[in-house]
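This report concerns only the one structure given below.
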Amino acid sequence: MTSPLPPSRRATAMALAPRPSRALRPVPSPSAAAAALLASASPLPASRFLQLHAHLLRTGATPLAPAAASAFLSLAAASLPSSRALAVLRHHLTPASVPSTFSCNSILRSLSEPGALSFLRRMRGLGRRGNAFSLAIILKPCCTLAHARQLHANVVTDGHLRDALLATSLMRSYATCGAGDSAHKVFDEMLVKDAVAWNVLITCYARDKRTKDTLRLFDEMKGGESEARPDEVTCILLLQACTSLGALDFGEKVWEYAVEHGYGGELKVRNSLITMFTRCGCVEKAYQVFCETPRKSVVTWSAMISGFAANGFGEDAISAFEEMNKSGVAPDAQTFTGVLSACSHSGLVDEGFRFFDMMRCEYQMMPNVRHYGCIVDLMGRAGLLDEAYQLVVKEMKVAPDATIWRTLLGACRVHGHVDLGEKVIGHLIELKAQQAGDYVLLLNTYATVGDWVKVAEVRKLMKENGIQTTPGCTTVELNGELHEFIADDDSHPRKAEIYGKLDEINRHLRIAGYVPNVSSELHDLDSEGKECALTYHSEKLAIAFALLVMPQRRPIRLAKNLRVCVDCHNFTKVFSGVYNRLVIVRDRTRFHHFEGGQCSCNDYW
DNA sequence: ATAGGGTTAG
């Protein structure tokens, strides 16, 4: 009869079978036979190994002869948990019985990171330096800065800098402990810098949010003296950097390079490109790339769905989701994040709840914090504030994060729900996550119900605690140059023209029915004073400037560091109709496309 | 002789 297991499984089963008789047999010492026996032994259960160890000590078989010691220590490292193994190793490592480099490496492989490092130190102290393998083994899990530094020293003194893989591994270790500068130093020291080394360096910069340096590296890599040229991984990393910078022009240059060098068909590159376009507000370009991508993965679909969502095209996001289902690609958690955020950004309340149910029932997925965040937003829109609060504190299976509370706080402001707003800020404080913007939301909530006494209280509280609000700031990109505006800005060289233009725009918009929304102004001014303060918000100044300098028919692209305020939102909406201009505003979380007096996002205020 | 190590999509 043949065994039911395939040959490979049979071998594993045999290895797993206990072999007590051999392990407990008295070990003659010192003898080559003992070494051979130990060397051939597979890892033992810890208890059995300790029995063997005790037996050796009892029978006076120690100190072991060098060959036997090598084998015995390897067996110890393989059989015992790291700390336990280390104690045994310490006991048996003597100048007379340092295992061979090969054995040392197999011991290193069995130990966990701190143990391995201390063993390496010990063996080096006993004159066994180890080789590049030894360092590579420890570098793999190395994740503390002090350890990385020690290994770096070893790499240098042992002359392994020529080994590109080892050096890159060291860079990675530095990068994971947040020491980007040290990683850079290793890179500088490297004798041969290949593309992967460059890519790791780029990853370091990206991780440190040094996005502009990241872009610089691309040019350096293309034209530098180094042999390495950007590969598809480089393109991916750069497209990601462009995504976070909103650097559309640079992103397109990277794509051009990718196509020229034969990386244009790489799915990962295309997926990064789709994201880059959507996060620069170019949904059409993203969609074109998406359509021209033949074998779309769940990542491709999700990128497009989230891209539609972030730009306020909720219906398109939903149809993409349906099309995805038809094409047979299964959605995952991130796909649902995209769909749900599409519903929340576009105010599609019923659809949102439908997808939330679909996700849980049809796909048996556990919603995560982000999913709940969308649902809380939807419930806020539907005016179900107390229900949303109950959901967060009672029903959610995951711990609520600051974003969830902030979403709820935003809803409190819209609905003037002061009591809940106070509770929510309490939760934010409990999480030690309260930001200036949260106090502003609370303050807004009081302002909405006209409770100026409380407004003053919050203001005082903020002052006492030294909470600084971030000044609103809007940037316009013009021929690759960034023009920055803050409220009541008077630093721009063309300020007279800009203010003149803004006054003219204001007159035209009022005729068209624009009414300043004074609830956006936080100060307890009289209503005329409020109008004045609103008039020169940074976004309006930026629009006036853009109108002055940008040729007709080109979209006006703005980027804001805060959320668009209600009044500016209204203003821009009416502006896009009266002046017949497309205005694309990127704020902290999404894009607003203003066209023909409408906005793509269905924000509720 | 044997053994080992790096970057990457939503």
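A note on names: the letters A, B, ... follow the listed sequences, proteins ahead of strands, and every chain is numbered from 1.
For A/Asp194 and B/dG6, a side-chain-to-base donor-acceptor distance below 3.5 Å is present, hydrogens and geometry of angles not being considered. Scanning atom types as modelled, no donor and acceptor separated by under 3.5 angstrom connect the side chain of A/Asn131 and the base of B/dG4. Judged by distance alone with a 3.5 Å cut-off, a donor-acceptor contact links the side chain of A/Ser302 to the base of B/dG10.
A/His160 and A/His152 have their aromatic ring centers separated by at least 6.0 angstrom. Not less than 6.0 angstrom separates the ring centroid of A/His371 from the ring centroid of A/Phe356. For A/Phe187 and A/Trp198, the gap between ring centers is short of 6.0 Å.
What separates CZ of A/Arg590 from P of B/dG10 is a distance of 21 Å, to the nearest Å. Note: CG (A/Asp158) to P (B/dG4) measures 19 Å, nearest angstrom. What separates CZ of A/Phe336 from P of B/dG10 is a distance of 20 Å, to the nearest Å. Put simply, CG on A/Leu237 is 13 Å from C1' on B/dG6, counting in whole angstrom units. Regarding A/Ile107, its CD1 atom lies at a distance of 15 Å from the P atom of B/dG4, rounded to whole Å. One atom, CG of A/Leu239, and another, C1' of B/dG10, lie 13 Å apart when rounded to the nearest Å. Rounded to whole Å, atom P of B/dG4 lies 5 Å from atom CZ of A/Arg109. Between A/Leu273 atom CG and B/dG10 atom P the separation is 12 Å, expressed in whole Å.
Among B/dG6, B/dG10, B/dA9, the nucleotide with an atom closest to any side-chain atom of A/Thr168 is B/dG6. Closest contact between the side chain of A/Phe102 and the listed nucleotides B/dT8, B/dG4, B/dT2 involves B/dT2. Here B/dG10 is the nucleotide among B/dG10, B/dT8, B/dG4 with the atom lying nearest to any side-chain atom of A/Val298. Side-chain atoms of A/Ala303 lie closest to B/dG10 of the nucleotides B/dG10, B/dT7, B/dG6.
Across all strands, A/Val196 comes closer than 4.0 Å to base atoms (heavy-atom distances). As judged by a 4.0 angstrom heavy-atom cut-off over every strand, A/Ser306 is placed among residues making no nucleic acid contact. Across all strands shown, A/Ala197 has heavy atoms under 4.0 Å from base atoms, whether or not it also approaches the sugar-phosphate. Contacts of A/Ala132 with the nucleic acid, taken as non-hydrogen atoms under 4.0 Å apart, include base atoms. In this structure, A/Thr337 reaches neither bases nor backbone, as no heavy-atom distance under 4.0 Å exists between it and the strands shown. A/Leu166 comes within contact range of at least one nucleobase, with a heavy-atom separation under 4.0 Å.
If you check residues 263-271 of chain A against DNA chain B, the residues with a heavy atom closer than 4.0 Å are A/Lys268, A/Asn271, listed by number. Sorted by residue number, the members of residues 201-218 of chain A with any non-hydrogen atom under 4.0 Å from DNA chain B read A/Thr203.
Under 4.0 Å is where a charged nitrogen must lie from a carboxylate oxygen, and between A/Arg381 and A/Asp377 at least one such pair does.
When all heavy atoms of A/Ser82 and A/Gly115 are compared, the closest pair comes out as OG-CA, 4.3 Å.
Judged by distance alone, the side chain of A/Arg207 and the main-chain N or O of A/Gly180 form no donor-acceptor pair under 3.5 Å.
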Quiz item: Passes ring pair (Phe, Tyr, Trp, His ring centres under 6.0 Å), A/Phe277 versus A/Phe290? Steps please.
Solution: CA-CA 11 Å; A/Phe277 275 137; A/Phe290 171 82; over 10 Å; no
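A close approach under 4.0 Å does not occur between any side-chain nitrogen or oxygen of A/Gln334 and OP1 or OP2 of B/dA9.
When only modelled atom types and interatomic distance are considered, A/Thr214 and A/Thr211 share no side-chain donor-acceptor pair under 3.5 Å. A side-chain donor from one of A/Ser103 and A/Ser100 sits under 3.5 Å from a side-chain acceptor of the other. Using modelled atom types, one finds no donor on one side chain facing an acceptor on the other under 3.5 Å when comparing A/His261 with A/Glu256. In this model, a donor atom of one side chain and an acceptor atom of the other lie less than 3.5 Å apart for A/Asn105 and A/Asn131.
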